[in-house]
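First listed ligand is number 1; within each ligand, the first listed atom is number 1.
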Amino acid sequence: MKLFSSVNDVSNIHQIVSEAISQKQNPFADEQLGKHKTLGLIFLNPSLRTRLSTQKAALNLGMQVMVMNLDKEGWALETQDGVIMNGTTVEHIREAAGVMGEYCDVIGFRSFPGLVNREEDYSEEIFNKFVKFCGVPVLSLESAIRHPLQSLADLVTIEELKKTEKPKVVLTWAPHVKPLPQAVANSFAEWMNKADYDFVITHPEGYDLAPEFVGNAFVTNNQDEALAGADFVYVKNWSSYNDYGKILTDGEGWMMTNEKLKLTNNAGVMHCLPVRRGLELSHEILDGPNSLVLNQANNRVWAAQAVLKSILESLT
Ligand code: CP
């Protein structure tokens, strides 16, 4: 694999889930594979899990890792083409990405959406430019509209814990005080559709995801209806796609609680983290037996390790 930016870059999702579980069972089996190979992890936005789990995965594979918070530690980056750089930006992404490609065999790159211009965000302009100009294999550490490493870890978590072949998986919108990207929800939906589960999305009116991500999911604005009999409930806030980047409601009544859990099939409750306690998810769920948030965080390592292994195998 030379590029990991979405589920579409994976030829067989069952195979990559098996690889992640295999890496989990034997983390150092491929510790020679990454010898003398350098991974650069480049962040334009903050991170805890993605940064540490991908770093750990690379170290398990014998790679050396360099991390740079480009937004804070680098020169102010220009991403538009053809501009006269007589303002505040200092370095163009063409040179910056090219230079990083000189130092790294593989690069992980994170860049969030602006949530102002939908066409610009959904064209993945910054991510695609970085891929083009760095000239080495790239894995997404979350882009404007997708978070594939998170989704792979989520799929691994469900596959490990499911009790039926085709579990009912519900993605439910949750309240938040800030407008958040649709990336985690988009990506989760994309991977769940590919996994062919009984997949349901529920959100208040006005929060429909882009049709290409909804796919074959059943969509309802009635959260109770969605939760009925669920085996897994994935809780996540996102801002509006249609009224782009806006918060349309305070979401009163949408927080997942133990009372709502009674509607489900004793569902495992998932969240990618970071989570706002008492706003997106209740304390009682996060501190209770149904929470899978640490399982997901743990699986971030094995998801990254499976992806990095596939990329390393493709290097000549
Ligand atoms: N879930 C996730 O991507 O966490 P970070 O933003 O902390 O990396």
Is it the case that the side chain of Asn222 and the backbone of Asp224 share a donor-acceptor pair, with hydrogens and angles ignored and the cut-off at 3.5 Å? yes
Pair Lys129 + Glu125, salt bridge at N-O below 4.0 Å: yes
For Arg300, counting its heavy atoms only, list the atoms of ligand 1 lying under 4.0 Å from any of them. 1 (N), 2 (C), 3 (O)
Carboxylate-amine/guanidinium contact Arg110 Asp71, below 4.0 Å: no
Go through ligand 1 atom by atom and flag the ones less than 4.0 Å from a non-hydrogen atom of Cys272. 1 (N)
Closest protein heavy atom (residue, atom, distance) for atom 3 (O) of ligand 1: His147 NE2, 2.7 Å
Can you list the atoms of ligand 1 that are under 4.0 Å from a heavy atom of Leu48? 5 (P), 7 (O), 8 (O)
Students often mix this up, so state it plainly: with edges at 30° and 60°, are the rings of Trp173 and Tyr207 parallel, tilted or perpendicular? tilted
If you apply the rule side chain to side chain donor-acceptor pair (under 3.5 Å), what do you find for Gln150 with Asp154, and how did you get there? CA-CA 6 Å; Gln150 180 66 53; Asp154 298 336; 2.9 Å; yes
For atom 1 (N) of ligand 1, closest protein heavy-atom neighbour: Leu273 O, 2.8 Å
Do any nitrogen or oxygen atoms of Thr50 come within less than 3.5 Å of a nitrogen or oxygen of ligand 1? yes
Given 3.5 Å as the limit, does a donor-acceptor pair link the side chain of Ser314 with the main chain of Met1, or not? yes
The closest protein heavy-atom partner of atom 4 (O) of ligand 1 is Arg49 NE, 2.8 Å
Over all heavy atoms of both residues, which pair between Asp105 and His36 is shortest? Give the atoms and the distance, please. OD2-O, 4.0 Å
Do ligand 1 and Arg51 have nitrogen or oxygen atoms that lie under 3.5 Å from each other? no
Ligand 1 versus Arg110, non-hydrogen atoms closer than 4.0 Å: side chain, backbone, both, neither? side chain
